[in-house]
Structures are given as structure tokens and as C-alpha cells.
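Just below is one structure, and these are the notes that go with it.
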Amino acid sequence: MSTVIDGGRRELHAGECGIFINTTGRRSTYAPGSQVQWCETPLLEAPSPVEQDFLGDRIRASPRIRTLFREGIGCGPYVSPALDTLRNALGEALFAAWRIEAGEDMAGHMPAPLLAARYYIDLHYAEKPDLETLAAVAGITPPYLIDLFRRHQGTTPMRYLRAVRAQAALRLIRHTDMSLASIADSTGYGSAFHLSREIRQFHGLSPRQIRQQGTHSNPSTQTGDAERLFADNRFSPGPEVNRSSPMTHDIPVIDISPLHQGNGAEREAVASAIGRACRETGFFYITGHGVSPDTIAKLFEASHTFFTQPAAAKEAVAMSRVGQNRGYVGLGVERLDTTSLPDRKEAFNISPNQPGGQDAWPALPGWQDLMMAYFATCLDIGAALHRGFARDLGVDEDFFADKFRHPMATLRLLRYPPAQQASTVPGAGAHTDYGNVTILAVNGVSGLQVRPRGSDWTDAPLIPGTFICNIGDCLMRWSNDVYVSTPHRVLRPAGERYSIAFFLDPDADALVEPIVTRSGEHAHYPPVTGHDYLQERLQATYGHKNQRH
């Protein structure tokens with residue numbers, strides 16, 4: 001169903017809804033059967049209308065939204081001061097309902113100084129910033145900052161800081177094998193004694209008791225710990241603290257080292273854990289990958305060096321010059337969510353096995369060798385993961401080996417500039433990945449959110465020493481929809497964010513044909529080559545460049 005707003009075509013499917021801003025007053029047209037409610041409200045007045053003609057994701061119209069639509073349309077076409085007031089109030093209620101259903105937090109309606117302080121705490125909790133530092137970051141006095149936290153969060157800045165630190169420590173206690181001393185050091189507690197005392201106060205159990213409960217042996221990461229910590233009436237955050245709803249699905253942490261050197265039973269156990277994650281959330285963390293912290297640090301240092309070069313140096317290796325999904329991609333060039341605004345990020349793609357052309361490299365000493373060595377390491381990790389996928393899907397462990405001899409893999413360096421103010425422009429819009437599996441390293445600045453099927457947007461927490469993995473649409477197709485490719489996005493970070501993603505696609509001539517192992521089951525998709533499938537998806541991402549937005 002096509003909707004035309006200000007001359008721009010937007011796609012909404014049956015049962016979906018969206019929020020549009022008509023910035024020019026031009027006539028707009030709607031598909032037959034569409035329901036439309038107009039309103040005038042300062043909530044939707046964009047400071048830069050040309051960049052904000054469409055807000056956020058397409059979403060399913062919930063009963064709440066349908067009710068508000070029905071009431072608004074019931075006002076009819078009549079004009080009167082009272083009806084206009086009612087119509088506009090219902091429109092604002094629709095906007096609020098849409099944000100809730102879309103999983104958007106309501107941070108944009110919170111005071112900017114409070115947001116700045118919260119983001120700073122989220123990034124620097126291990127440094128134990130004091131009240132004066134937080135007030136300076138927020139640009140207000142300490143008493144006023146305390147007042148804002150109490151009115152909007154139901155707590156104080158320092159109690160909020162304690163809860164964030166405790167949440168981070170709990171994740172590490174539950175889902176890693178780090179020693180308590182190491183956890184205390186990385187989360188700012190200083191000693192295992194102080195860590196244990198704080199966790200016992202928040203959780204009622206000591207760190208060792210938490211691990212003995214069996215939570216640690218169940219490889220899952222449940223967000224929402226902060227909400228449970230805040231349940232203590234001393235730390236109640238109020239209704240606006242949640243950036244997302246607690247997950248109803250877990251993101252597991254899986255040690256994949258047995259896929260490299262384990263016996264048959266050990267490999268089977270890991271394959272089963274990976275398969276369960278792929279069926280439920282499509283996301284999982286991995287340890288036992290063999291990449292040292294020193295290597296990761298060098299990679300992020302090299303990435304920072306590239307992106308801080310002058311614009312001319314980056315443009316010399318731009319994808320527009322190099323082609324074939326290689327080279328530098330500037331800010332606003334991509335739009336991963338084709339219904340939303342261009343992404344606010346820049347990237348550099350390395351794709352040595354793409355058909356045609358060759359990679360272009362920046363003139364930085366040792367840079368190419370470092371990246372290609374990591375590329376080879378990720379290929380090894382990807383091969384191990386595919387042995388796990390194959391075992392779980394009921395085919396020979398080496399089923400994928402001949403389909404990934406020269407994979408169309410892409411190593412992608414990403415930089416997200418910090419958000420200067422509340423904005424609807426995404427860091428990376430909501431999307432699913434194209435290929436088989438993605439292996440992601442992050443520099444310690446959060447922002448990734450996941451939306452499991454039937455659930456709301458939720459943060460994917462940072463877990464030191466792990467990579468975040470998710471399956472893509474190609475593997476979902478290959479598994480005949482047994483696995484799920486999960487929508488995810490990157491929020492505009494408060495601080496500069498770097499990530500390094502390895503996207504593993506099959507060989508260009510590999511035949512992607514659904515795996516059917518059960519009697520009576522039929523293939524959901526026709527066979528397609530890896531090359532044809534990838535080109536179709538890339539066109540959707542970069543095809544907007546010739547459109548006005």
C-alpha cells in the first residue's frame with residue numbers, strides 16, 4: 001500500500017501505521033482502505049523538516065492505536081474550536097501510543113540536562129563520577145540536577161549511578177567466568193569485598209551464591225536487571241527510566257571453543273545451544289573465539305586513525321569511486337531502514353572476495369595487514385559457527401564448507417558520531433542483516449538494541465571479552481525459517497561509538513537452497529545464488545541515494 005506525503009512515496013502494509021509530517025501543505029494521497037487522522041501539534045514540528053518527513057519504524061496497529069484512530073476520525077470534517085482542540089489532543093495521544101508500540105523510549109520528552117547526565121553515567125559508571133562532574137556534564141548546578149532526577153526518575157543521581165554499576169556487575173557475575181576481583185576492577189568497585197557487599201545489598205545474595213544458584217550455568221543474559229534493582233523503594237526510577245521493555249527472550253553467552261577442538265559430545269552441546277539461540281532470538285554472545293584483548297584494542301585504534309583523517313583522504317577511497325561494496329561510506333549515505341531517515345554513521349568496507357574490482361586501502365602504515373589478519377580470523381570463527389549450524393540443522397557438520405571457500409564476506413569498520421540533541425535520525429535504522437552470520441565487536445559504548453519476534457526493543461548489554469553474533473536473512477532462508485533473523489538497530493550514542501562488524505555471506509556461486517530434513521516438509525523459498533541474493537539486498541540499502549530526502 002503506497003502513501004504519498006509531500007510527493008515522497010512511503011510503503012505501509014495492511015495493518016501497519018506510521019507517523020508522517022506534511023511539511024509543505026501539498027496534497028497527499030493514500031491507498032484505498034487507509035485511515036488517516038490529521039492534527040496540528042508542536043510535538044511534530046521538526047526543526048529540519050526535510051530530514052524528518054517520516055518518524056521511526058512501521059509498526060502493527062495495536063488495539064490502543066485503533067481506538068485512538070476511531071475516536072479521532074469520529075470528530076468528522078467539521079471545524080470548530082472545541083473539535084480542533086479534541087482532534088489535536090487525540091493526535092498527540094496517537095503519537096505517544098505510536099512511540100510506545102514502536103518500542104521508542106520517551107527520552108525526547110525528558111529534560112536535556114537529565115539525559116546528558118544519564119548517558120554520561122551509562123558510559124562512565126566504572127569511573128565513579130561525582131555529583132559535581134555530572135552537573136558539569138549536564139550544564140546545571142548540582143542541586144538542580146538532583147531535583148531533575150527526583151522529579152523524573154524518582155531517585156538521585158548517585159543512587160542511579162550505583163544501580164547502573166550493580167547491573168553491570170551482575171551481568172558479569174552471572175554470565176562470565178571472570179574472577180570477582182576482575183569484575184570489581186572493571187566496574188569500579190575496586191575490590192571483591194566492596195563488590196560483594198554492594199551486590200548483597202541490591203540482590204540479597206552474595207556473588208558466589210548467585211553463581212551457585214545455577215544462573216551462571218544457564219548461558220543467558222537477561223536485561224532489565226536495573227529495573228529489578230530499582231524495585232527497592234529507595235531506587236525507584238519512575239515510569240520514564242526504561243529505554244526499553246525487559247526482554248522476554250534471553251541472549252545467551254556461548255563458549256564456542258569446543259567447535260575448534262572439542263570431542264563429538266562437546267561439539268553437539270555447543271551446536272544445540274547455538275541452535276536454540278537461533279530459533280528464539282537470533283542473537284547470541286560468544287566466548288572462546290581466540291581473539292586477544294590486545295588485538296581488539298589495536299583494531300579499534302586503527303579504526304579511529306582512519307576516521308579521524310581529513311575528509312579528502314577518506315573520499316579518496318570512497319565506495320562511490322571503488323564500487324562493489326568496498327571502501328569508505330560517508331555520513332547519511334546508507335539507509336538500513338528503508339522507511340526511515342538515512343543512518344547517521346560512517347563506515348569503511350573491506351570485501352576481498354567480492355566479484356570484480358579490488359579493495360582500496362588508506363595510506364596508513366600496517367593498516368592493511370592488521371585488517372586482513374583479522375579478516376582471516378573471522379573467517380575461522382565463521383567456519384566454526386557454521387559447523388555448529390549444520391549439526392543443529394541435522395545435516396553433515398561440513399555441509400557449509402564447500403559453500404564458503406571464497407565467501408563474499410565484508411569486514412566493516414563503523415563510527416557513530418555522538419548525538420548533539422534529541423533526534424529522530426538513527427545511528428543505524430531498524431533492519432535485519434543480509435547474510436548468514438554477523439560477528440560484532442564494540443568499543444565499550446552501547447547503543448545496539450534488539451527486537452525479538454513478539455517483543456519490544458531492548459538493549460543488548462555489553463559483556464567484556466565477548467563478540468555479539470546474530471544470524472541474517474540468508475541463513476534464515478537456508479534453514480527454511482527454522483532460524484529467525486531478528487530486527488535490530490543502533491541508537492544515536494551520547495558519546496562517540498565505534499564498532500567492527502564481520503558480515504559472512506556465502507560464495508557468489510553457492511546455491512542457497514532451503515535445508516529440508518523432516519518428512520512432509522517443503523521448501524519455503526526457491527534456490528538462489530549467493531551473489532544474486534546479496535545484490536538484491538544491497539540495492540535496497542543504497543537505492544535511496546537518488547531520491548530526495
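- With contacts defined as side-chain heavy-atom distances shorter than 4.5 Å, the pair L299/M371 qualifies.
- Using modelled atom types, one side-chain atom of N480 and one backbone atom of H524 make a donor-acceptor pair closer than 3.5 Å.
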_side chain to side chain contact (heavy atoms under 4.5 Å, CB included), that's the test. Do T438 and L504 meet it? Break it down for me._
CA-CA 6 Å; T438 302; L504 185 53; over 6 Å; no
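- A donor and an acceptor atom, one from each side chain of N349 and R326, are nowhere located under 3.5 Å apart.
- Remark: aromatic rings of F375 and F502 are close, center separation under 6.0 Å.
- Results of the side-chain contact (heavy atoms from CB on, under 4.5 Å) test with F300 over T305, I500, L413, T295 single out I500 as the only residue that passes.
- A 4.5 Å side-chain heavy-atom check between R415 and S303 finds every atom pair outside the cut-off.
- Side-chain atoms of T529 and D532 form a donor-acceptor pair, as typed in the model, at a separation below 3.5 Å.
- Using cut-offs of 30° and 60° for the angle between ring planes, the F404 and H386 rings count as tilted.
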*asked:* Let's go through V528 and R477 carefully: what are the C-alpha distance in whole Å and the side-chain angles of both, what is the deciding distance for side chain to side chain contact (heavy atoms under 4.5 Å, CB included) to 0.1 Å, and is it a yes or a no?
replied: CA-CA 10 Å; V528 64; R477 180 184 184 122; 3.7 Å; yes
_The test is ring pair (Phe, Tyr, Trp, His ring centres under 6.0 Å); show your working for H194 and Y189 and say whether it passes._
CA-CA 6 Å; H194 289 102; Y189 284 104; 8.5 Å; no
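- No side-chain N or O of H406 forms a donor-acceptor pair with one of N353 less than 3.5 Å apart.
- At most 12 heavy atoms of other shown residues, nucleotides or ligands fall within 6.0 angstrom of atom CD in E301.
- Closest approach of L259 to A384, counting heavy atoms only: CD1-O, 3.3 Å.
- To the nearest 0.5 angstrom, I468 atom CD1 is 5.0 Å from L440 atom CG.
- The main-chain N or O of A501 is never found under 3.5 Å from a side-chain atom of R412 such that the two would form a donor-acceptor pair.
- Closest of all the heavy-atom pairs between C469 and I286 is SG-CD1, 3.7 Å.
- For the residue pair E496 / Y498, a side-chain donor-acceptor distance below 3.5 Å is found, with atom types taken as modelled.
- With values rounded to the nearest 0.5 angstrom, L370 atom CG is found 11.0 Å from L364 atom CG.
- One side chain, H488 or D433, offers a donor N or O that lies under 3.5 Å from an acceptor on the other.
- Between the side chain of R211 and the backbone N or O of I173 there is at least one donor-acceptor pair closer than 3.5 Å.
- Considering CD of E268 and CD of E397, their distance stands at 9.0 Å, rounded to 0.5 Å.
- Looking at S257 and H260, their side chains never bring a donor and an acceptor atom within 3.5 Å of each other.
- Relative orientation of the F389 and F400 rings is perpendicular, given thresholds of 30° and 60° on the angle between their planes.
- Residues passing the ring-ring contact (aromatic ring centres under 6.0 Å, His included) test with F503, sequence neighbours excluded: none.
- The closest donor-acceptor contact from the side chain of D398 to the backbone of A401 lies at 3.5 Å or more, if one exists at all.
- Of the candidates D392, I471, V484, R279 forms a side-chain contact (heavy atoms from CB on, under 4.5 Å) with just one, namely D392.
- Between D402 and D507, the closest heavy-atom pair is O-OD2, 3.7 Å.
- Between the side chains of S485 and D473, at least one donor-acceptor pair of N or O atoms lies under 3.5 Å.
- Minimum heavy-atom separation, A390 to F399: CB-CB, 4.2 Å.
- Considering only residues two or more places apart in sequence or on other chains, H124 meets the ring-ring contact (aromatic ring centres under 6.0 Å, His included) condition with Y120.
- In this structure, E346 pairs ionically with K314, as a charged nitrogen and a carboxylate oxygen lie closer than 4.0 Å.
- A salt bridge is absent between R391 and D396; no separation between the charged side-chain nitrogens and carboxylate oxygens falls under 4.0 Å.
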*ring pair (Phe, Tyr, Trp, His ring centres under 6.0 Å) evaluation trace for Y483 with W478*: CA-CA 9 Å; Y483 292 169; W478 224 327; over 10 Å; no
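- Within the 4.5 Å cutoff, the side chain of L385 has heavy atoms near those of the I274 side chain.
- Surrounding NZ of K403 are more than 12 heavy atoms belonging to other residues, nucleotides or ligands, all under 6.0 Å away.
- In this structure, R208 places its CZ atom where only 12 or fewer heavy-atom neighbours from other residues, nucleotides or ligands lie under 6.0 Å away.
- The distance from atom CZ of R451 to atom OG1 of T432, rounded to the nearest 0.5 Å, is 11.0 Å.
- Classification of E198 and R165 as a salt-bridged pair fails, no side-chain N sitting under 4.0 Å from a carboxylate O.
- Side-chain contact between I256 and T287 is absent, with no heavy atoms from C-beta onward closer than 4.5 Å.
- Note that OG1 of T377 is 11.0 Å distant from NE2 of H289, once rounded to the nearest 0.5 Å.
- Put simply, the side chain of L180 reaches to within 4.5 Å of the side chain of S196, judged on heavy atoms.
- A centroid separation of 6.0 Å or more is found between the aromatic rings of F306 and W361.
- When every heavy atom of Y285 is checked against every heavy atom of P461, the shortest pair comes out as OH-O, 2.5 Å.
- T308 places a side-chain N or O within 3.5 Å of a backbone atom of H304 that can act as its donor or acceptor partner.
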*Determine, step by step, whether D505 and N436 satisfy the side chain to side chain contact (heavy atoms under 4.5 Å, CB included) criterion, reporting the C-alpha distance in whole Å, the side-chain angles of both residues, the deciding distance to 0.1 Å, and the verdict.*
CA-CA 6 Å; D505 296 80; N436 269 41; over 6 Å; no
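- Checking T133 against D130 by side-chain atom types alone, a donor-acceptor pair falls below 3.5 Å.
- Of the possible polar contacts, none joining the Q261 side chain to the P258 backbone as a donor-acceptor pair under 3.5 Å is found.
- With contacts defined as side-chain heavy-atom distances shorter than 4.5 Å, the pair F348/P362 qualifies.
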*Steps toward side chain to side chain donor-acceptor pair (under 3.5 Å) verdict (Y525, D481)*: CA-CA 9 Å; Y525 307 95; D481 293 333; 2.6 Å; yes
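- Closest approach of R200 and S206 over heavy atoms only: NH2-CB, 3.2 Å.
- Between T410 and S351, the side chains place a donor N or O and an acceptor N or O closer than 3.5 Å (distance only, hydrogens not considered).
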*Tell me, with the steps shown, if V482 and M476 meet side chain to side chain contact (heavy atoms under 4.5 Å, CB included).*
CA-CA 7 Å; V482 171; M476 185 169 77; over 6 Å; no
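- Taking the side chain as every heavy atom from C-beta outward, V442 and L448 never approach each other to under 4.5 Å.
- Looking at heavy atoms from C-beta onward, K345 lies out of side-chain contact with R497 at the 4.5 angstrom threshold.
- Rounding to the nearest 0.5 angstrom, the gap separating the CD atom in Q309 from the OH atom in Y328 is 10.0 Å.
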